[in-house]
Every structure is written in structure tokens, then in C-alpha cells.
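Quick notes on the structure that follows.
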2 protein chains.
Amino acid sequence: MRNRPIPEATVARLPIYLRALLEVAEGRGELTVSSEELAAMAGVNAAKVRKDLSYLGSYGTRGVGYDVEYLLYQITRELGLTQDWPAAIIGIGNLGRALASYKGFSERGFRISALFDVDEEVLGEQIGGLPIRHLDELKEAVVEEGISIGIIATPPMAAQEVAEKLVDAGVKSILNFAPSVVNVPPDVSVRKVDLSIELQILSFYQQRTQAIATAREANRRLAVQRKV
Amino acid sequence: MRNRPIPEATVARLPIYLRALLEVAEGRGELTVSSEELAAMAGVNAAKVRKDLSYLGSYGTRGVGYDVEYLLYQITRELGLTQDWPAAIIGIGNLGRALASYKGFSERGFRISALFDVDEEVLGEQIGGLPIRHLDELKEAVVEEGISIGIIATPPMAAQEVAEKLVDAGVKSILNFAPSVVNVPPDVSVRKVDLSIELQILSFYQQRTQAIATAREANRRLAVQRKV
DNA sequence: CGAAGTTTGTGATTGCGCTCACAAGCTTTA
DNA sequence: TAAAGCTTGTGAGCGCAATCACAAACTTCG
Ligand SMILES: NC(=O)c1ccc[n+]([C@@H]2O[C@H](COP(=O)([O-])OP(=O)(O)OC[C@H]3O[C@@H](n4cnc5c(N)ncnc54)[C@H](O)[C@@H]3O)[C@@H](O)[C@H]2O)c1
Ligand SMILES: NC(=O)c1ccc[n+]([C@@H]2O[C@H](COP(=O)([O-])OP(=O)(O)OC[C@H]3O[C@@H](n4cnc5c(N)ncnc54)[C@H](O)[C@@H]3O)[C@@H](O)[C@H]2O)c1
């Protein structure tokens, strides 16, 4: 089992377990944690927790649970969080600024180490000690700072072009906030965060339940009418 | 087929098709579009596009493709975007401000119609014409403004409490930006956007390919050594 | 009109992920 | 030491989603 490739769905949950484990470690000084407890904290099924963790190896003890510190270390290592991941943000507008001054990234070894834009107005401005540089300097900055992650926060029209510049500079991981599809070579990972899509999914389900409620209401009225 | 419930995976892709269709409609004045073209724009497989659209009904014409305007209308209707969805943002810090002044939401009928916080310092301040109100006023605002979506942008510790207040006020759809698990009754939908998790997934895959590259390199060196 | 060319709609197949259920293996207790 | 009690690790079964492949239905062309 432990030499099998880790399923994507599992990879996506490891960060959640990591967060739960940190909470356990910092909070009550418990040394071990059961899959049941972890499951409750992560909001998933206990069997899923066990199967997920079993892909990393047999790090639990039957009858006891998982050693918190040890499991923390193993997940951290598996996710590649024992090393530092310098990241660059491209497009320093509303969203880019919020991201640039967000403290939460550094907690897991992600360090924003360069900011880029093309607007003359903002070039040179400092945010959290970092100057906004021109996108033309991207390639040299990637090499100098060892940047491994590119965060795109430009308008959608510019996203593909910026992605290509990132790829050209050697960046293999991209997080895209612009609502547009970006195409990259197969050796590059792109993940997108699209708020508008999330809202549309919510409205789909809400509309659906509203429609059902309305239909029920109509039925009820018809029933009453028939009785009268 | 068209009376079957729409699979979740399909719902998540409809907004992407919608965006692609809008691009087709506005750009070149093409009246129809093929599944192949849509697939290319959405970055997915053509068969998937056809199957997805078939859940909405048979809106295409064989040998021709899909009528752009008609399909636009059908997807819009299915996603519930023919009506307005007033939303509230709770937690007006770095991220909340970026969201509050984002123009992109209104394009699809999402309207930010109230802002909430608990910090005395920011209460009363105006952002984009909206005042920041105290969280205690949430319930009355939800009723008055007909708010149907709650966007949580508070620190993680406050997220569960805020979610409960939203639920209590009657909100059935929640978008959570705080890195924490929130539990809600089964009739409420929660979607989460967690940037830190996205970065960790990226680092997992990047570390993995780096590890492979390093292993190859080591092998190569051993091979050279053996030859010498 | 008939044949060739397009493109949809969908049955069939395959693969992936979730859940269940339980043996294996540990701790505690007497 | 033996029995009872927990909790892990994982095989088996099931359902959802992706892909394939092709008949059906349309358009175009000769
Ligand atoms: N602000 C939000 O809350 C929010 C929410 C959801 C999605 N988004 C998306 O995030 C992206 C950024 O949003 P925003 O509100 O910060 O927009 P913004 O207009 O405030 O900022 C965009 C920035 O990108 C810069 N830019 C433009 N073209 C560029 C290029 N080719 N290279 C580098 N920089 C370039 C601009 O100069 C500007 O500073 C958009 O795609 C938007 O749709 C934003
Ligand atoms: N800023 C980012 O780019 C970013 C990125 C990823 C995730 N996040 C997450 O988004 C959330 C907000 O981030 P931020 O950077 O805007 O933080 P922030 O500290 O700038 O803002 C948080 C705001 O929430 C308010 N608040 C606190 N408790 C509250 C309560 N109980 N009810 C209502 N409001 C309350 C605070 O007064 C403050 O105004 C955090 O959970 C953060 O982890 C932010």
C-alpha cells in the first residue's frame, strides 16, 4: 500500500489533516490522536482518514491512535513543506495587495518574495517591504530568488500571457485567480481559484431547493382548493 | 436523460461553459458553437461537454452545433442566474475589502449588499458606498435586503460562530474563506476557498517531480561512476 | 435526390474514490 | 498470563464520473 501513488483526492485532504493535527498539538497537550477525532475535526469519515494516512505508511498504532508529532512530521514531509517555497504575485491590484499582505502563507513555508505588475503608476511602490517590479524582470527574479510558485492576480485577459512568461522563466506551479482558462505544458501544474464559479454553484443548489419549496407550496394550494 | 438530477461535477463546469459562451457571443458574431470548440475554450474533453449539456436537455443540432444565445439562456436559467443574489461579506479586513470592491461579482447577478464586522475601529466606514455594520445587525439586514449568500472573511477562529449566525438568520448558502472547517445543518450549502491548501497541493506535486529528478540525477552519477 | 461530411446524444466500459466491515494487533485490567 | 476493549489497516463492494465509440440526424455538395 505505501508504495502506491497517493490519490489526488487524498493529497487534497492532507493539508486539512495537517491543520487539525497542529490544533491538537498546540491545544491540549495530547500525544496521540485517533482517526475518529481527526475525522471529526476535518469534517470527514474516519475510514477515509485511515485510508488516506495509510498511503503515507503505517504510522498509527492499533488500540492507541496516531502519534501527533510523528504524523505531523510525516505529512509535512510528504507535502514538501520541510522546505521553503518562494512565491511571486503578478498583478498587484485589489486582490494582489490583499494576498501580498496576508500573513497566513508564511506559516506553512510559503514566502511571498516578489511582486510584479506592468502599470507605471504602481511600479516601485512597496508592500510589506517588497517593491513592485516590472513584469519584464520576472525571469531574472525567478532565478535570483529561486521562485517556484507563481500567483496570477491580473485581469483575465492577461492571465494566459502571464502564465506563459512564468513557464518560460521556469516556474512549474501556478495558482490562478483570474477567471480564465490557462493552458500550460504538461510538466507544469495549474490550480485555479474562481470565486465567481463558487457563487454560481451555490446559487444552483439554492435555486433548486427554492424551486422544490415553490412546487410544494403550489401543490398544497391545489390540495386546499380541491377540498373547497 | 433530461429529467435526471444534474451531477455535481457537471454543475461545477456549467459556469465555465457559460463564460466560454459569453466570449463567443461577444467576440466573433458566431451564432452556433460546436462541442469541440467549447471544449477547447473550457479546457476539457468534447464528449464531456456534450454529456454535460445533455443533462439540461437536447439543445444542440446534429451536424450544426449549439445555438449560442439559446444555450446561454438555458445555462443561465439552470444556474439560477436569471435572478439577483444579494450577498453579505462578514469580516472586512484585507480580504474582505478586496472582495467588497471587486466589480466581477455583479456581472453574474451577485450583488454585495451588506458588510459586517465587529471591530469598533472599522464600523461605519464606507466601502464602495456600503457602510460596515455591526454583526449584531445581521439578522435584520438579511431580512431587509433579502440576503441569500454569506461570505465569511473573518479569522478562522470566528468562522464557525459567524456561520451559525448566518444560518440562524436564514442564509442557506455560505462561501468560507477562513481556513477552518465549519459545520452547518444539511439544508445549508457551504463551499470553502482555501488558498493555503491550494499552495500545499502545488508543493506536493512539485516536490514529487523534484524528487524524481534528483533520483534520476543520482542514478546517472552512479552509472558514470561505475563506468570509471 | 443521394452521397459525403459534420456533429450531437447516449449506451457501454473503465477507472477512481468512498464506505463498510472486520481481522490484526495493541493496551488495559484482573 | 488471559480476557476484554480499542483502534488501525485494508479487502470488498458500490456508485459516480470520465472516456470511448457509434448510431442518429442534420447540412452541404454534386
Ligand atoms: N478583487 C477580488 O476580490 C477578486 C475576486 C475574485 C476574482 N478576482 C480576479 O482576480 C484578478 C485581479 O482582481 P483585482 O480586483 O485585483 O483587479 P485589479 O484591476 O484591481 O488589479 C489587476 C492588476 O493587474 C495588473 N495587470 C494588468 N495586466 C497585467 C499584466 N499583463 N501583467 C502584470 N500585471 C498586470 C494591473 O495593473 C492591476 O494592478 C482579476 O482577474 C479578478 O477577476 C478578484
Ligand atoms: N488576505 C488574504 O489574502 C487571505 C488569503 C487567504 C485566506 N485568507 C483568510 O481570510 C480571512 C480574512 O483574512 P484577512 O487577511 O482579511 O484578515 P484580517 O485580519 O485583515 O481581517 C479580518 C477581519 O475580520 C474581523 N472579525 C474578527 N472577528 C470577527 C467576528 N467574530 N465577526 C465579524 N468580523 C470579525 C476583524 O475585525 C477584521 O476586520 C482569514 O481567515 C484568512 O486566513 C486571507
Side-chain angles (χ1 to χ4, degrees), chain A residues 1-17 20-21 24 30-72 74-75 78 186 201 204-205, chain B residues 1-17 20-21 24 30-72 74-75 78 186 201 204-205:
Chain A
M1 193 94 179
R2 51 222 57 102
N3 287 328
R4 298 253 176 71
I6 302 182
E8 272 190 54
T10 296
V11 173
R13 280 188 296 268
L14 290 179
I16 305 180
Y17 302 147
L21 285 166
V24 173
E30 313 247 355
L31 297 178
T32 64
V33 64
S34 72
S35 60
E36 204 77 47
E37 291 174 86
L38 264 183
M41 299 179 79
V44 300
N45 177 305
K48 191 145 63 175
V49 171
R50 291 199 295 276
K51 191 150 253 184
D52 283 344
L53 296 181
S54 78
Y55 287 109
L56 311 184
S58 281
Y59 296 143
T61 309
R62 296 169 189 220
V64 180
Y66 298 88
D67 182 286
V68 176
E69 288 298 331
Y70 189 56
L71 192 55
L72 261 177
Q74 292 299 342
I75 294 182
E78 197 69 47
I201 294 172
F204 171 84
Y205 288 109
Chain B
M1 193 91 180
R2 52 220 58 100
N3 287 329
R4 299 255 176 68
I6 303 183
E8 274 191 53
T10 296
V11 173
R13 279 187 297 267
L14 289 180
I16 305 180
Y17 303 147
L21 284 166
V24 173
E30 314 245 355
L31 296 178
T32 65
V33 64
S34 71
S35 61
E36 204 78 48
E37 291 173 87
L38 264 185
M41 298 181 79
V44 300
N45 177 304
K48 193 145 61 177
V49 171
R50 290 199 296 276
K51 189 149 253 185
D52 283 342
L53 296 182
S54 77
Y55 287 108
L56 310 185
S58 279
Y59 296 143
T61 309
R62 295 169 191 221
V64 180
Y66 298 88
D67 182 286
V68 175
E69 288 299 330
Y70 189 56
L71 191 55
L72 260 177
Q74 292 300 342
I75 294 182
E78 197 68 49
I201 295 172
F204 171 85
Y205 287 108

Open item on the list: Just N and O in the side chain of A:K48: are any of them under 4.0 Å from OP1 or OP2 of C:dT19?
Closed with: yes
Does OP1 or OP2 of C:dC20 have a side-chain N or O of A:N45 closer than 4.0 Å?
yes
Winner on side-chain proximity to B:P7, out of D:dA17, D:dC22, C:dA21, is D:dA17
Interatomic distance, NZ@B:K51 vs CG@B:N45, rounded to 0.5 Å, equals 11.0 Å
In whole angstroms, the gap separating P of C:dT8 from CG of B:L53 amounts to 9 Å
Of the candidates D:dC26, C:dG17, D:dT10, the side chain of B:V64 sits closest to D:dC26
A:K51 atom NZ is separated from C:dC22 atom C1', nearest whole Å, by 13 Å
Does a nitrogen or oxygen in the side chain of B:Y66 sit under 4.0 Å from OP1 or OP2 of C:dG9? yes
Contact under 4.0 Å: A:S35 side-chain N or O vs D:dT7 OP1/OP2
no
From OH of A:Y55 across to P of D:dT8 the rounded distance in Å is 17 Å
In this structure, CD1 of A:I16 is separated from CE of A:M41 (nearest 0.5 Å) by 12.5 Å
Here the distance between atom P of D:dT7 and atom CG of A:D52, to the nearest Å, is 19 Å
Should the heavy atoms of other residues, nucleotides or ligands under 6.0 Å from CD of A:E30 be counted, would the total exceed 12? yes
The residue, A:A9 or A:R62, whose nearest nucleotide of DNA chain C is more 5′ is A:A9
A:L56 vs A:L14, test: side-chain contact (heavy atoms from CB on, under 4.5 Å). Steps then yes/no.
CA-CA 10 Å; A:L56 311 184; A:L14 290 179; 4.2 Å; yes
Comparing nearest nucleotides in DNA chain C, the 5'-proximal residue of the pair A:R13, A:T61 is A:R13
Which is it for A:Y17 and A:V49 under the side-chain contact (heavy atoms from CB on, under 4.5 Å) test, yes or no, and what are the steps along the way? CA-CA 8 Å; A:Y17 302 147; A:V49 171; 3.9 Å; yes
To the nearest angstrom, the CZ-P distance between A:R50 and D:dG11 comes to 14 Å
note: A:R4, atom CZ; C:dG15, atom P; distance rounded to Å ~ 15 Å
From CD1 of A:I6 across to P of C:dC16 the rounded distance in Å is 15 Å
Check: Base, sugar-phosphate, or nothing for B:E8, non-hydrogen atoms under 4.0 angstrom?
Finding: sugar-phosphate
Atom CG of B:L71 and atom P of C:dT8 are separated, to the nearest Å, by 11 Å
